[in-house]
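Please read these numbers as outputs of a predicted model, since none were measured by experiment.
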Protein chains: 2
Amino acid sequence: MSYTLYHGDALARLRTLPDASIDAVIADEPYSSGGTSSRERISRSPRDKYQTSGTERTYPTFYGEHRDQRSFGYWCALWLAECLRIAQPGAPICVFSDWRQLPTATDALQAGGWRWQGIVPWNKPSARPHLGRFTNQCEYVIWGSNGPLGERPGIGVLPGLITVPVVARDKFHLTGKPIAVMEQLVRICAPGGTILDPFMGSGSTGVAALKHGYRFIGIEQSAEYIAIAQERLEDALQNP
Amino acid sequence: MSYTLYHGDALARLRTLPDASIDAVIADEPYSSGGTSSRERISRSPRDKYQTSGTERTYPTFYGEHRDQRSFGYWCALWLAECLRIAQPGAPICVFSDWRQLPTATDALQAGGWRWQGIVPWNKPSARPHLGRFTNQCEYVIWGSNGPLGERPGIGVLPGLITVPVVARDKFHLTGKPIAVMEQLVRICAPGGTILDPFMGSGSTGVAALKHGYRFIGIEQSAEYIAIAQERLEDALQNP
DNA sequence: CCTTGCGATGAATCCATAT
DNA sequence: GATATGGATTCATCGCAAG
């Protein structure tokens, strides 16, 4: 078990990594979603868009929430293609999306050269209900592979739905994912393999990876989050 | 409570229905999905595509499983646009999709003039597992509205995820949906309103609609399924 | 009436074999 | 070489029969 962190822009950093050096990719990119018009999406800060007004808990701000839907798709295709180059043949990939960006994200995954294999909804039972409407209760993990998946020894049957409530105690980033969610996702990687997260944030993917015997490579643009992630990863190594 | 059934092609029949005469649309169109290549999708029968080899249980076959992805999208946009004309302003719509056609279906919904409002996964705990992969365990309900939804009196909070196993007792069609699923979906309709299902099949939408005090209009191309649906709807009226 | 057990099923997917 | 066909596989859940 070990990890490597890179500080910098995801796309620029990915270009420096060698071919076929990674066994799985797990990415939680900024969705550039929220808001029904493209103007609403790009003019407000993440905190204004995604937090209920009056919420007291705050997080350091983060980059990349400024793209409209078309450029979000192109940008995703770019970093996804770069990830493909870095990935072993047959390597799996998991990409998060909300419902609004899901069609764009599946297009981008395939445009980047990946074979789309399916969708795993993440069910958040703690979501805020809405009168007269279906509650918006799920985010989505789009998964795929670099060519055919092939034989996958040592990996059992993986879930088709992940139900984990969002708990503030777990969150070190506004869009941080619970460790329990990431623990389900890392299992798609061949045992002992190396997992890459190009948008590491506070490092939840890495914590889950180290906990289950994978190696981890993370990229993050914000020095503030690099520091938070490093602390959490060290802690995961000391207290397995 | 009452119902009307039409025997014929959905698109042709929809064109004969009057403007703004419907309060909600619930559609479970043939997905033309399944299989890894376009050839597999369009050349194989629904039974070959969707049932495990060796399964003894059979259903009458059904129409419309022959389209490739592009024509599926165009065709959906056509019948969705016709449904929009027939629907009241603010009327909701629910359209089923599997994971593979989901991006095409959301595009078609919007191309047809509907406002896309969200996705409700239908979680099937009894899904077929696959070693080394995430289980393909959900189908998806894409929902939207004819313009803004507006005030929706008499409708409570609706679920954001529907977990109901597939039960043979409930199934009269290879792709038939459990009544419990349809009972959740019909609630999106204004109380006492008229629900249209342009691809009725064995009539599960209608059974749920009548059971909860809605009126129902169904269209179905197969005489065999019209007969099955009529029997089930009569039964629903006699034994509420 | 409750518990246990066995068999069947699923809007699949992959791959080998045949045409 | 391209296209078509068929078999093996996986397990949570349900239905029914037996205890």
Answer with yes or no after comparing the ring centroid distance for Trp116(B) and Trp99(A) against a 6.0 Å cut-off, counting only values under it.
yes
Can the ring centres of Phe199(B) and Trp75(B) be said to be less than 6.0 Å apart?
yes
Within less than 4.0 Å of OP1 or OP2 of [N], is there a side-chain N or O belonging to [X]?
{"X": "Arg100(B)", "N": "dT13(C)", "result": "yes"}
{"X": "Arg57(B)", "N": "dA8(C)", "result": "no"}
{"X": "Lys124(B)", "N": "dA12(D)", "result": "no"}
{"X": "Gln117(A)", "N": "dC14(C)", "result": "yes"}
{"X": "Trp99(B)", "N": "dT13(C)", "result": "yes"}

Considering only [options], which nucleotide approaches the side chain of [X] most closely?
{"X": "Arg133(B)", "options": "dA11(C), dT13(D), dT13(C)", "result": "dT13(C)"}
{"X": "Val167(B)", "options": "dG15(D), dT13(D), dC11(D)", "result": "dG15(D)"}
{"X": "Ser53(B)", "options": "dT10(D), dT9(D), dC14(D)", "result": "dT9(D)"}

Can you tell me how far [atom2] of [N] sits from [atom1] of [X], to the nearest Å?
{"X": "Gln137(B)", "N": "dC11(D)", "atom1": "CD", "atom2": "P", "answer": "14 Å"}
{"X": "Glu56(B)", "N": "dT9(C)", "atom1": "CD", "atom2": "C1'", "answer": "11 Å"}
{"X": "Lys177(B)", "N": "dG10(C)", "atom1": "NZ", "atom2": "C1'", "answer": "12 Å"}
{"X": "Asn123(B)", "N": "dG10(C)", "atom1": "CG", "atom2": "P", "answer": "17 Å"}
{"X": "Gln51(B)", "N": "dA12(C)", "atom1": "CD", "atom2": "P", "answer": "11 Å"}
{"X": "His130(B)", "N": "dA12(D)", "atom1": "NE2", "atom2": "P", "answer": "16 Å"}
{"X": "Leu161(A)", "N": "dC11(D)", "atom1": "CG", "atom2": "P", "answer": "19 Å"}
{"X": "Phe134(B)", "N": "dC14(C)", "atom1": "CZ", "atom2": "P", "answer": "15 Å"}

Is the Phe96(B) ring parallel, tilted or perpendicular to the Trp122(B) ring (thresholds 30°, 60°)?
perpendicular
Hey, does [X] reach any base, or is it just sugar-phosphate, or nothing, if we go heavy atoms under 4.0 Å?
{"X": "Tyr59(B)", "answer": "sugar-phosphate"}
{"X": "Asp28(B)", "answer": "base"}
{"X": "Asn136(B)", "answer": "sugar-phosphate"}
{"X": "Arg47(B)", "answer": "nothing"}
{"X": "Ala168(B)", "answer": "nothing"}
{"X": "Pro46(B)", "answer": "nothing"}

If the P atom of dA11(C) is compared with that of dG6(D), how far apart are they to the nearest Å?
22 Å
So Trp79(A) and Val95(A), side chain to side chain contact (heavy atoms under 4.5 Å, CB included) or not? Walk me through it.
CA-CA 12 Å; Trp79(A) 63 259; Val95(A) 179; 4.3 Å; yes
Rounded to the nearest 0.5 angstrom, the OG-CD distance for Ser45(B) and Glu65(B) is 9.5 Å
Scanning all shown strands, the Watson-Crick or wobble mate of dG6(D) with both distances under 3.5 Å is dC15(C)
So, do Ser204(A) and Pro178(A) sit near enough that their side-chain heavy atoms are less than 4.5 Å apart?
no
Does a side-chain heavy-atom distance below 4.5 Å link Ile26(A) with Met182(A)?
yes
So, Tyr31(B) and dA11(C): ring centres less than 5.5 Å apart, planes less than 30° off, yes or no?
yes
Lys177(A)/Glu139(A) ion pair, N-O < 4.0 Å:
yes
Check: Leu149(A) main-chain N/O paired with Arg133(B) side-chain donor or acceptor under 3.5 Å
no
Scoring nucleotides 2-7 of chain C by protein non-hydrogen atoms under 4.0 Å (B base, S sugar-phosphate only, - none) yields ------
Between Leu131(B) and Ser126(B), which is nearer to the 5' end of DNA chain D once each is assigned its nearest nucleotide?
Leu131(B)
Would you mind telling me which residue lines up with the more 5' stretch of DNA chain D, Pro125(B) or Arg128(B), judged by nearest nucleotide?
Arg128(B)
Any donor-acceptor pair under 3.5 Å joining the side chain of Lys171(B) to the base of dA11(C)?
no
Looking at Thr52(B) and dG10(C), is any side-chain donor or acceptor paired with a base atom of the opposite kind under 3.5 Å?
yes
Contacts of Pro148(A) and Ala127(B) projected onto DNA chain C by closest heavy atom; the upstream (5') one is Ala127(B)
